[in-house]
Number of protein chains: 2
Amino acid sequence: MARPTIEDIARRVGVSKGAVSFALNGRPGVSEATRARILQVAEEMNWRPHTAARALGGARAGAVGLVIARPARTLGVEPFFAQLLSGLQAGLSAHSVALELLVVEDTTAEIEVYRRWASEHRVDGFIMVDLKVRDTRVDVVEGLGVPAVVLGGPGRHGSLSSVWADDREAMLSIVDYLAALGHRRIAHVAGLPAFQHTQRRMRALRDSARRHGLTDVSSLPTDFSDAEGAATTRMLLSRPGRPTAIVYDSDLMAVAGLGVAGEMGVAVPGELSIVAFDDSVLTRIVHPALTALSRDTFALGTEVAETMLALVAEPGLRRDRRTPTPRLAVRESTAPPALAG
Amino acid sequence: MARPTIEDIARRVGVSKGAVSFALNGRPGVSEATRARILQVAEEMNWRPHTAARALGGARAGAVGLVIARPARTLGVEPFFAQLLSGLQAGLSAHSVALELLVVEDTTAEIEVYRRWASEHRVDGFIMVDLKVRDTRVDVVEGLGVPAVVLGGPGRHGSLSSVWADDREAMLSIVDYLAALGHRRIAHVAGLPAFQHTQRRMRALRDSARRHGLTDVSSLPTDFSDAEGAATTRMLLSRPGRPTAIVYDSDLMAVAGLGVAGEMGVAVPGELSIVAFDDSVLTRIVHPALTALSRDTFALGTEVAETMLALVAEPGLRRDRRTPTPRLAVRESTAPPALAG
DNA sequence: GCCGACTACTAAACCGCTCTAGTGACTGGG
DNA sequence: CCCAGTCACTAGAGCGGTTTAGTAGTCGGC
């Protein structure tokens, strides 16, 4: 038999389609005896629901959408995304919800996809990342009437739910640590300034510097690429009064920076301490291993997934979930600064 | 208006649903004038097809499935997958086909997902990776009657289509190069021996060694993790008569190996040459940059996507596509072996 | 012994789209 | 002038579920 439908089951059991539907969905309207028989026959015939048919009736699509606006080629290099994806997967697949993934070039295209997917009834909700300072996506998605979870905060994300880690606290802990080691000239190789989290980190750095009375502290924006991370490092290390410590907004840039230091003969951690704002194998397999802010990105993903599922189950709900503040994993790339300097 | 349907359009234009359907799908049955009016109204009303409704009629689902059997946490670290994903995305989204991604624990679960998705009519085809030596998935998917593309070959993948790069040629070119530099003791830190591509590479290495008259050449299987890559390297470097060159089956393991060399005070490339069988930013940002087999994984992804789309459009088609043999990108990690040895 | 409430079910509408069979108007050939 | 053939379009059946309205049958209470 090609693909049994509930009609086939109904015929075989000798009841109506409706009864079968009730039985299979565990809702009242059939006796326990009948339900058992129906379930048994369904099992025998190896019946599976036809998702399209279900979705047509106005029910769930059984999938959530993740749209990432980045040049497609660069997605591959960020361990963060891959980890996040894994976590999302784990959280969603436990409930048999699929993840529809799409990488687009820019925010305009991203919005277009949200519109399309929503109207095509393709997904039950959206997951949004990389929130910008003044993000046009928020309004659009709010207007779509489809649940959405924003990764990142606290910040301007309107009425949408969010899951976030405390970037500010994290940055403060890094500066505290470096200052305690004796560093007074600290540079911050930041990410795209358009992003909310970049802004939060830059602000935290400034505040912390003031608190510690450090005057030679600065943030330098980049586009998150290893190329710009390396170029910025090269620039920092070749100017007089160079920093004794650099904080990188991603592990990838930190590793690129470490490469530059090696190339320029700057000893790490002897002459330069390096801290990465993100952790992954990357920071552990290089030599020296990098001190890094270790947040469990995988867990972050599962957290987002769960929030998403809760929202889908109960529309109108709003949830803001703060994940544990990441802690600093101290490795070999940080040490007190050289006395000269 | 909530969500316009073709019925709404039909009413507004003053024609029947059928006519609207014909017009919107560019098939004959309506005059050009009517078609133009319908398209215009559809545009005005911002109509979008309801994918579920379409799929219900027996048409396309508009998505293809990729199931990866790996411990979810490890997915994040392989640049290869992320790159591949990007390429797939690019190829599919150009035709508005979505990618349904699922990470499962093992092959049994993977097969279960294929079965479920096929019977749920959720996807139009499957993309399979990591083919094993005797892979049970092939038979199952063949029996499902859903088109599938296998990444990797040439090998046993039954009647399924495939896209592959020539691993054998690639390994031969690496050994040729190392032999030409003067290396005679070469080790190969391989991946999981259960995989077809691992077997092909190991066989190629053996054959090539014989051809070059090299006797001290061996392959050591690992699980592809950075941990086992590092451990194997440690073992290799600490035994007497250690290799002067190591070929790693992935860029991640190569970088891990480089870290071990640094830790053990073995100079690269002075005392040890390192070649990675995969390329990504990883190999370029470390210092020294690694000589690597550079295949365009992104392009591989788009190639797979196109093959998939062709198969969906024309069921029964079978295509075996060989991609360009990857070429060796020589960087700083390879040099002639030290004279002493 | 009748009414109302409840149970266990059936029949059929409905979701939005596709596609086939059918219809009326027009055209052209004999 | 009639008939076949084409064209442009309509009506409506189906796809596989969910859901609502309706209907027997049973039971309990007064």
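Please read all numbers here as calculations on a predicted model, not as lab measurements. Letters go in sequence order (proteins before strands), and every chain restarts at 1.
- Within the 4.0 angstrom heavy-atom criterion, no nucleotide atom of any strand lies near A:R35.
- Side-chain atoms of A:R321 never come within 3.5 Å of backbone atoms of A:S161 as a donor-acceptor pair (strictly under, hydrogens ignored).
- At a threshold of 4.5 Å between non-hydrogen side-chain atoms, the residues B:W117 and B:V146 do not count as touching.
- By the 30° and 60° cut-offs, the orientation of the rings of A:F126 relative to A:Y114 is perpendicular.
- For C:dA8, neither phosphate oxygen OP1 nor OP2 lies less than 4.0 angstrom from any side-chain nitrogen or oxygen of A:T34.
- Ion pairing of B:D130 with B:K132 is absent here, as no side-chain N (NZ or NE/NH1/NH2) approaches a carboxylate O to less than 4.0 Å.
- Map B:A52 and B:G18 each onto its nearest nucleotide of DNA chain C; the residue landing nearer the 5' end is B:A52.
- Side-chain to base pairing of A:K17 with D:dG17: one donor and one acceptor N or O lie within less than 3.5 Å of each other.
- In this structure, B:P49 reaches the sugar-phosphate backbone alone: every heavy-atom distance under 4.0 Å involves primed, P, OP1 or OP2 atoms, never a base.
- Residue contacts for A:S21: at a heavy-atom cut-off of 4.0 Å it reaches a base atom on one of the strands shown.
- For A:R27, taking side-chain heavy atoms from C-beta onward, the closest of the listed nucleotides C:dC17, D:dT19, C:dC19 is D:dT19.
- Nearest nucleotide to the side chain of B:S31, out of D:dG16, C:dA8, D:dA8: D:dA8.
- To the nearest angstrom, C1' of C:dT10 lies 10 Å from CZ of A:F22.
- Comparing C:dG16, C:dT20, D:dA8 by their nearest atom to the side chain of B:A53 picks out C:dG16.
- In this model, the phosphate group of D:dG16 is not approached by any side-chain N or O of A:R54 to a distance below 4.0 Å at OP1 or OP2.
- Contact annotation: A:S16 reaches the phosphate of C:dT10 (side-chain N/O to OP1 or OP2, under 4.0 Å).
- Looking only at side-chain heavy atoms (C-beta outward), B:T5 and B:H50 stay at 4.5 Å or farther from each other.
- A:V15 comes within 4.0 angstrom of sugar-phosphate atoms only, judged by non-hydrogen atoms across all strands, and of no base.
- Between A:W47 and D:dG17 there is a side-chain N or O to OP1 or OP2 distance below 4.0 Å.
- Between A:V20 and B:G29, the residue anchored nearer the 5' end of DNA chain D, judged by the nucleotide with its closest heavy atom, is B:G29.
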